[in-house]
Participant: 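There's a structure below that I have some questions on.
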Amino acid sequence: MRHTVIGFGAAIVSLFVIGCSQPGTEPTAEVTGTVTYKGKPIDGVNVGFSPERGRPASGSTDASGRFTLSTFETGDGAVPGLHKVGIAEADTGLQPMPGEPGAEKWKPPKSRISKKYADPTQSGFTAKVELGKKNEFTFDMTE
C-alpha cells in the first residue's frame, strides 16, 4: 500500500512539473495593437490575452490607445495560438485604509467601459497569435 501511495504521489508531481513550463521556456511572438471606444483611442485600459494553453499575456494602452503585450519579459508578446481577449479599466488608485483621511467618502472610480469587456469569455474579442507573423490587432468597444 505504501509503495502505491508513493508511486501515485510521484506521478502527480511529475504531471505538475511536465504541465508547468519554466518562465520564458515557451516561445512568444510580438503582439501590438490599438484599443478604441466608440471609434476613438482609449488610454489607461489593460488588455489581457488568455490562450487556450500556456501563460496569459497583458499590456496597457497609452494616450493613443496603443498597447504591447508581455508574457515573461517586458514586450516579449504572447504565446502562439488562439486567445480570448479581455479589456478592463486600469486600477487608478488604492482605497484608503479605514481611519485614513477621506476613507469614509472614497468610492471606486466609475468605469468608462462596459464590464463585459473585462471577462475574456464574454468580451467577444479573440486573436490568433502566430510565430513569424505581424500580430497587430484592433479592438473597438462599442458599449
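We number each residue from 1, following the sequence as shown.
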Participant: Report the distance from atom CG of L69 to atom OG1 of T28, rounding to the nearest 0.5 Å.
Facilitator: 10.5 Å
Participant: Kindly give the heavy-atom pair with the smallest separation between A88 and A118, and that separation in Å.
Facilitator: CB-CB, 3.7 Å
Participant: With a 4.5 Å cut-off on side-chain heavy atoms, are M141 and K38 touching?
Facilitator: no
Participant: First locate atom CD of E52, then atom OG1 of T126, and finally report the distance between them rounded to the nearest 0.5 Å.
Facilitator: 10.0 Å
Participant: With a 4.0 Å cut-off, would you call E89 and R112 a salt bridge?
Facilitator: yes
Participant: Assess the side chains of D43 and T61: does a donor N or O sit below 3.5 Å from an acceptor N or O?
Facilitator: no
Participant: Counting only heavy atoms not in E130 (residues, nucleotides, ligands), do more than 12 fall under 6.0 Å from its CD?
Facilitator: yes
Participant: With a 6.0 Å cut-off on ring centres, are Y117 and F125 close enough?
Facilitator: yes
Participant: Carefully, step by step, assess F49 and K84 under the rule side-chain contact (heavy atoms from CB on, under 4.5 Å).
Facilitator: CA-CA 6 Å; F49 275 42; K84 291 182 180 177; over 6 Å; no
Participant: Side chains of D140 and T36: any donor to acceptor distance under 3.5 Å?
Facilitator: yes
Participant: Would you sort out whether E136 and R66 count as a salt bridge (Lys or Arg N to Asp or Glu O under 4.0 Å), showing the intermediate values?
Facilitator: CA-CA 10 Å; E136 179 143 356; R66 302 274 309 147; 2.9 Å; yes
Participant: Same cluster or not: are V45 and F139 linked, directly or through other Ile, Leu, Val, Met, Phe, Trp or Tyr residues, by side-chain heavy atoms under 4.5 angstrom apart?
Facilitator: yes
Participant: At their closest point, which heavy atom of A78 faces which heavy atom of V129, and how far apart are they?
Facilitator: O-CG1, 3.8 Å
Participant: Please find the pair of heavy atoms, one from S64 and one from P41, that lie closest to each other, and give the distance.
Facilitator: O-CB, 3.2 Å
Participant: Let me confirm one number: the CZ-OG1 distance from F137 to T34, rounded to the nearest 0.5 Å.
Facilitator: 12.0 Å
Participant: Provide the closest heavy-atom pair for A57 versus T71 in the form atom of the first, atom of the second, distance.
Facilitator: CB-OG1, 3.2 Å
Participant: Would a 4.5 Å heavy-atom cut-off, applied to side chains only, mark K128 and H83 as touching?
Facilitator: no
Participant: Should V47 and V35 count as side-chain neighbours, where that means a heavy-atom distance under 4.5 Å?
Facilitator: yes
Participant: Just verifying a value: how many Å separate N46 CG and F67 CZ, rounded to the nearest 0.5 Å?
Facilitator: 11.5 Å
Participant: Can you measure from OG (S50) to CG (D119) and round to the nearest 0.5 angstrom?
Facilitator: 9.0 Å
Participant: Distance check, rounded to the nearest 0.5 Å: E30 atom CD versus K134 atom NZ?
Facilitator: 9.5 Å
Participant: Ion pair present between K116 and E143, side-chain N to carboxylate O less than 4.0 angstrom?
Facilitator: yes
Participant: If you look at every heavy atom in Y37 and I113, which pair is closest and at what distance?
Facilitator: CD1-CG2, 3.8 Å
Participant: Do P56 and P51 touch side chain to side chain, with heavy atoms closer than 4.5 Å?
Facilitator: yes
